[in-house]
Protein chains: 2
Amino acid sequence: MPSLDKKPYHHGELREALLTAGEAALGELSPENVSLREIARRAGVSHAAPKHHFQTLGELLGEIAARGFDRFVENLRSAADSGANQSAAARLQTMSRAYLRFAELNPAVYGLMFGKRERCVTTPNLAKSSLAAWSQLETAVAAIVGPQKAVNGALLVWSSVHGMAQLRIDRKLPPHIDPNASLEAVMRMIIAGLQAET
Amino acid sequence: MPSLDKKPYHHGELREALLTAGEAALGELSPENVSLREIARRAGVSHAAPKHHFQTLGELLGEIAARGFDRFVENLRSAADSGANQSAAARLQTMSRAYLRFAELNPAVYGLMFGKRERCVTTPNLAKSSLAAWSQLETAVAAIVGPQKAVNGALLVWSSVHGMAQLRIDRKLPPHIDPNASLEAVMRMIIAGLQAET
DNA sequence: TGATAATGTTTACAGCGTCAACATAATTGC
DNA sequence: GCAATTATGTTGACGCTGTAAACATTATCA
């Protein structure tokens with residue numbers, strides 16, 4: 001009698017399997033080694049099978065970036081909620097911690113989300129989530145400096161936190177710097193700068 | 001009689017030619033299309049010729065990044081010099097403008113310099129130049145907040161400017177933002193934040 | 001001047017993304 | 001319920017890539 005657990009010809013959940021295999025590969029391999037063929041291998045499928053679900057590698061990575069954005073926005077939202085009864089400044093600091101934490105835990109996906117869009121295709125909901133994250137930040141900043149100056153204030157915060165995340169991921173910070181302690185000090189200065197604007 | 005301008009078997013200045021061809025390619029093509037073979041083509045030489053001057057593509061790109069760093073440090077230095085008789089705050093602002101300008105004019109090289117070191121190899125003088133840039137910045141910041149708090153202050157400035165550069169290069173800024181005007185506003189807030197530390 | 005080192009070319013190999021042709025299974029229409 | 005169609009797999013091919021090895025040409029030096 002033939003073995004009962006023989007692999008069927010059709011996978012059934014291949015699209016989903018490719019996305020999770022891709023995320024796993026991004027977590028384990030250096031980005032340049034994350035290839036369509038490698039992801040297909042991990043999903044236990046031939047190298048051309050993904051074609052029926054993602055036209056190109058860029059489309060697959062774009063979808064992974066979109067999912068990353070959803071998780072990212074959710075993380076920031078729950079951080080903001082958890083600080084609902086704090087001061088606006090403390091809430092902003094909490095959000096910044098969540099931001100940096102996400103970047104540290106998901107460096108490759110973070111790179112897809114915020115890096116140049118050469119490796120992945122920008123899907124509509126990716127653009128939407130990106131804008132959602134921005135207005136989330138702008139709202140938190142507006143609570144400190146008022147809506148008038150919220151744009152530049154949000155730019156200050158976003159640039160700084162994004163810059164720190166990037167520098168840390170790319171290991172470009174001088175070795176004598178402790179990123180967590182520094183984030184607190186940097187955020188303190190940022191908030192002072194914001195408050196000087198009022 | 002044979003033509004006099006016939007190409008000689010040996011190039012003569014191939015190493016230099018490869019570096020400039022590489023920089024040109026980085027300026028014209030999207031980074032993923034900058035290949036060793038493409039650079040060799042531009043230098044008018046067979047695809048394996050670079051091997052005698054650069055062991056790998058990463059070595060070539062690493063050397064290009066190192067040269068970029070030299071120009072970068074020089075730009076910042078001359079910006080700092082030009083503001084020698086200004087206040088420390090104004091001098092820092094001048095340096096920031098030079099920083100952002102360099103990133104805008106040389107996005108691909110900037111990416112090699114500050115991005116992940118997967119595409120290019122870190123050569124010793126690259127590390128040296130990087131550290132030089134950092135202490136240059138730290139000195140400028142120390143003139144405002146004193147040496148004690150210069151480290152965190154420099155981190156604030158570097159993160160912010162690097163973040164803005166990256167966001168602008170990657171076109172991740174909301175479209176309604178004018179980067180140049182925003183830089184001024186952001187730097188004003190940063191300097192206020194630094195001065196609040198004293 | 002002749003050996004040797006430097007610096008080119010050619011050829012080869014494996015991995016990549018993508019496409020086209022084909023195989024198999026699920027679904028739909030009658 | 002069965003045939004036609006559609007969805008989703010596999011296989012093989014193409015041209016690209018980086019890199020290595022073998023070979024050709026020229027420059028350098030004893």
Side-chain angles (χ1 to χ4, degrees), chain A residues 2-22 25-26 28-65 108 112 116-122, chain B residues 2-22 25-26 28-65 108 112 116-122:
Chain A
S3 89
L4 295 177
D5 55 355
K6 192 159 145 262
K7 196 174 75 169
Y9 191 90
H10 283 117
H11 185 291
E13 300 281 353
L14 183 51
R15 190 187 153 90
E16 209 61 30
L18 289 170
L19 288 168
T20 62
L26 283 170
E28 297 168 21
L29 278 49
S30 59
E32 77 225 0
N33 291 341
V34 176
S35 63
L36 192 53
R37 289 167 111 106
E38 168 64 21
I39 295 174
R41 269 190 293 271
R42 284 173 178 244
V45 100
S46 83
H47 68 266
K51 195 74 188 295
H52 291 282
H53 301 275
F54 303 97
Q55 206 60 16
T56 67
L57 171 61
E59 248 178 47
L60 207 178
L61 295 179
E63 193 59 34
I64 289 177
L112 285 180
K116 266 210 188 64
R117 283 294 147 71
E118 282 147 356
R119 300 196 59 209
C120 66
V121 170
T122 303
Chain B
S3 89
L4 295 177
D5 54 357
K6 194 162 141 258
K7 197 175 72 170
Y9 190 91
H10 284 120
H11 184 290
E13 301 282 353
L14 183 52
R15 189 188 153 89
E16 209 61 30
L18 289 171
L19 288 168
T20 63
L26 284 170
E28 297 168 22
L29 277 49
S30 59
E32 77 225 358
N33 291 341
V34 176
S35 63
L36 192 53
R37 289 168 112 106
E38 168 65 21
I39 295 174
R41 269 190 294 271
R42 284 173 178 244
V45 99
S46 82
H47 70 267
K51 194 78 187 292
H52 292 281
H53 302 276
F54 304 96
Q55 206 60 16
T56 66
L57 170 62
E59 249 179 48
L60 207 177
L61 295 178
E63 192 59 34
I64 290 177
L112 286 180
K116 266 210 189 65
R117 282 294 148 70
E118 281 148 356
R119 299 195 60 208
C120 66
V121 171
T122 303

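Within every chain, numbering begins at 1; the chains are lettered A, B, ... in the order of the sequence lines, protein sequences first and strands thereafter. The figures that follow rest on heavy atoms only: side chains count, while hydrogens, waters and symmetry mates do not.
Residues B:Val34 and B:Ala25 come closest through the heavy atom pair CG2-O, 3.8 Å. Looking at every heavy atom in both residues, A:Pro31 comes nearest to A:Arg119 through O-NH2, 3.2 Å. Between B:Gly62 and B:Cys120, the shortest heavy-atom distance links the atoms N-CB, 3.3 Å. Smallest separation of non-hydrogen atoms from A:Ile39 and A:Leu18: CG2-O, 3.6 Å.
Counting non-hydrogen atoms under 4.0 angstrom, A:Gly44 reaches nothing in the nucleic acid. Using a 4.0 Å heavy-atom criterion, one finds that B:Gly12 contacts the sugar-phosphate atoms exclusively.
OP1 or OP2 of C:dG8 sits under 4.0 Å from a side-chain N or O of B:His53. A sub-4.0 Å separation between OP1 or OP2 of D:dG9 and a side-chain N or O of A:Arg15 is absent. Checking the phosphate oxygens (OP1, OP2) of C:dT7, no side-chain nitrogen or oxygen of B:Lys51 falls inside 4.0 Å. Between A:His47 and C:dG15, a side-chain N or O to OP1/OP2 separation shorter than 4.0 Å is absent.
Atom C1' of nucleotide D:dT8 and atom CG of A:Leu18 are separated by 12 Å, given to the nearest angstrom. Distance A:His52 NE2 to C:dA21 P: 13 Å, rounded to the nearest Å. Rounded to whole angstrom, the span from the CZ atom of B:Arg41 across to the P atom of C:dG8 amounts to 18 Å. Taking atom NE2 of residue B:His11 and atom C1' of nucleotide C:dT9, one finds them 15 Å apart after rounding to whole Å. Whole-Å rounding puts the A:Arg119 CZ to C:dC16 P distance at 13 Å. Residue B:His10 contributes atom NE2, which lies 4 Å from atom C1' of C:dT7 at whole-angstrom precision. Distance, A:Leu60 CG to C:dT18 P: 10 Å, rounded to whole Å.
Residues passing the side chain to side chain donor-acceptor pair (under 3.5 Å) test with B:Gln55, sequence neighbours excluded: none.
Remark: B:Glu32 CD is packed, more than 12 non-hydrogen atoms of other residues, nucleotides or ligands lying under 6.0 Å away. Counting non-hydrogen atoms of neighbouring residues, nucleotides and ligands closer than 6.0 angstrom, the CD atom of A:Glu28 exceeds 12 such neighbours.
With distances taken from any side-chain atom of B:Leu57 to the nucleotides D:dG18, D:dG9, C:dG8, the minimum falls on D:dG18.
Against DNA chain C, the stretch residues 29-40 of chain A makes heavy-atom approaches under 4.0 Å through A:Ser35, A:Leu36, A:Arg37.
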